Amino acid sequence: PRAGLIEMRSSYEFAGADAAALEKEFGDLLRHLEIESLRREQARLRAAMREVEARGDEGLLAEAMGKFDSIARRINELTT
């Protein structure tokens, strides 16, 4: 039932749109989803970094910080 509503709504909203505009919209949506996924991963890493730091495991902390930095750079690429 809900899928039918989405199909009807999208057919109505995009009936007059050209293919290039739809592709751009789709790309923008995918970019937004990737950014949100990366931000969730950053939040998980932040929590893990706190735990690892509390335990004093410098090796794991450095690894987590590297991953965090890599994610931050990717988010920056996607938002600029």
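Keep in mind that the numbers below use all heavy atoms, side chains included, and drop hydrogens, waters and symmetry copies. Note that the coordinates shown come from a computational prediction; the quantities given were computed from them, not determined experimentally.
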Working to the nearest 0.5 angstrom, can you tell me the gap between Thr79 OG1 and His32 NE2?
12.5 Å
Could you walk me through whether Arg74 and Glu34 pass salt bridge (Lys or Arg N to Asp or Glu O under 4.0 Å), step by step?
CA-CA 10 Å; Arg74 179 64 181 147; Glu34 184 177 359; 3.0 Å; yes
Interatomic distance, Glu77 atom CD to Arg31 atom CZ [nearest 0.5 angstrom]:
12.5 Å
Side chain to side chain donor-acceptor pair (under 3.5 Å) against Asp69, all qualifying residues, sequence neighbours excluded:
Arg73
Between Arg44 and Glu41, is there a salt bridge with N-O shorter than 4.0 Å?
yes
Transitive ILVMFWY cluster of Ile75, excluding itself - 4.5 Å side-chain cut-off:
Ile35, Leu38, Leu45, Met49, Val52, Leu60, Leu61, Met65, Phe68, Ile71, Leu78
Does Arg39 form a salt bridge (Lys or Arg N to Asp or Glu O under 4.0 Å) with Glu36? I'd like the steps, not just the answer.
CA-CA 5 Å; Arg39 286 183 176 152; Glu36 290 305 312; 3.5 Å; yes
